[in-house]
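Data block below; observations after.
The first residue in the sequence is number 1, and the count goes up from there.
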Amino acid sequence: MIKMFSKYLTGVATMLVLLLAGGCQTRPVVREVWSKKHLEQIAPADQDFFLADRASRIHTKSRPLPAAEQGEEFYVSWDGRNVELVQFEYRQVNQPDKITAQDFRTNHRQTTTFWIRGDDFQKAGSVSAWRVTLWRDGELLAEKHSMLW
């Protein structure tokens, strides 16, 4: 009986070690990348709430943002302690053969937002494909890209 219990405890301890080791991220990884377009004063997702509010009887209309303020933002988050540089590369609809890049020095942060707006957004259009890479001392640590990259 004691041998069976000892084997059981050894098995449980092994499982705990494996679970804990799997939960600790040792390699850098790009966690998430999401985007949002800014074209109007009231975002399309919020228009039902703000424009069709019958209770307050306040009627408002959503107007386009000025051209200089229209654009697209990309929120990027990552895990990894030794990441020095995050690079965001992208292609745009009206210039499919041109790849543009923006860099961000992390300073021990693990999130940032990249913006494409104003003339860059007006002339070249929406982002059609993107790639995010993590770097340290010129060495590529991790990458994540859109399906069309």
Side-chain angles (χ1 to χ4, degrees), residues 10-149:
T10 303
V12 169
T14 303
M15 290 292 285
L16 282 173
V17 168
L18 290 174
L19 285 172
L20 290 174
C24 298
Q25 184 67 276
T26 57
R27 293 188 49 123
V29 63
V30 179
R31 269 192 289 147
E32 60 183 331
V33 179
W34 59 260
S35 67
K36 183 177 181 182
K37 286 185 185 173
H38 298 275
L39 302 175
E40 297 183 48
Q41 291 173 335
I42 301 173
D46 297 330
Q47 287 184 3
D48 284 343
F49 181 75
F50 287 106
L51 303 183
D53 182 18
R54 291 181 293 185
S56 69
R57 297 186 182 182
I58 296 174
H59 299 287
T60 195
K61 292 183 179 181
S62 182
R63 294 188 174 92
L65 287 170
E69 294 178 26
Q70 290 184 9
E72 203 166 355
E73 71 174 311
F74 287 81
Y75 172 81
V76 178
S77 66
W78 62 91
D79 285 326
R81 294 177 182 231
N82 297 324
V83 176
E84 293 175 349
L85 178 80
V86 178
Q87 187 174 57
F88 177 67
E89 299 170 277
Y90 58 94
R91 291 186 183 102
Q92 290 172 277
V93 174
N94 298 338
Q95 297 177 342
D97 296 330
K98 179 183 176 189
I99 296 175
T100 307
Q102 294 182 22
D103 294 340
F104 173 74
R105 295 266 171 214
T106 62
N107 296 328
H108 305 293
R109 289 182 45 198
Q110 293 187 322
T111 63
T112 192
T113 303
F114 294 98
W115 280 89
I116 298 97
R117 66 174 107 172
D119 284 341
D120 293 337
F121 182 75
Q122 293 298 316
K123 291 177 184 173
S126 297
V127 171
S128 58
W130 54 262
R131 176 173 69 166
V132 174
T133 51
L134 306 178
W135 298 86
R136 179 183 59 237
D137 296 328
E139 177 187 355
L140 177 63
L141 302 174
E143 91 171 73
K144 186 172 195 169
H145 55 81
S146 65
M147 184 174 67
L148 296 176
W149 186 259

Using atom types as modelled and distance alone, determine if a side-chain donor or acceptor of D79 lies under 3.5 Å from a backbone N or O of V29. no
What donor-acceptor contacts under 3.5 angstrom involve side-chain atoms of residues 112-122, with partners at least two apart or in another chain?
residue : atom : partner : partner atom : Å
Q122    : NE2  : Q70     : OE1          : 3.0

With heavy-atom distances below 4.5 Å as the criterion, would you say the side chains of Q102 and Y90 are in contact? yes
So W78 and V132, side chain to side chain contact (heavy atoms under 4.5 Å, CB included) or not? Walk me through it. CA-CA 10 Å; W78 62 91; V132 174; over 6 Å; no
Show which side-chain atoms of residues 136-149 pair as donor or acceptor with protein atoms under 3.5 Å away, not counting sequence neighbours.
residue : atom : partner : partner atom : Å
K144    : NZ   : R31     : O            : 3.0
S146    : OG   : W130    : N            : 3.0
S146    : OG   : W130    : O            : 3.4

Can you pull out every salt bridge (Lys or Arg N to Asp or Glu O under 4.0 Å) where at least one residue sits in residues 82-108? Sequence neighbours excluded, please. E89-R131
Considering all heavy atoms of both residues, which atom of E72 and which atom of S126 are nearest to each other, and what is their separation? OE1-CA, 3.6 Å
CG (L134) and CG (L85) are apart, to the nearest 0.5 Å, by 9.0 Å
Between Q92 and G125 the two heavy atoms that sit nearest each other are NE2-O, 2.8 Å
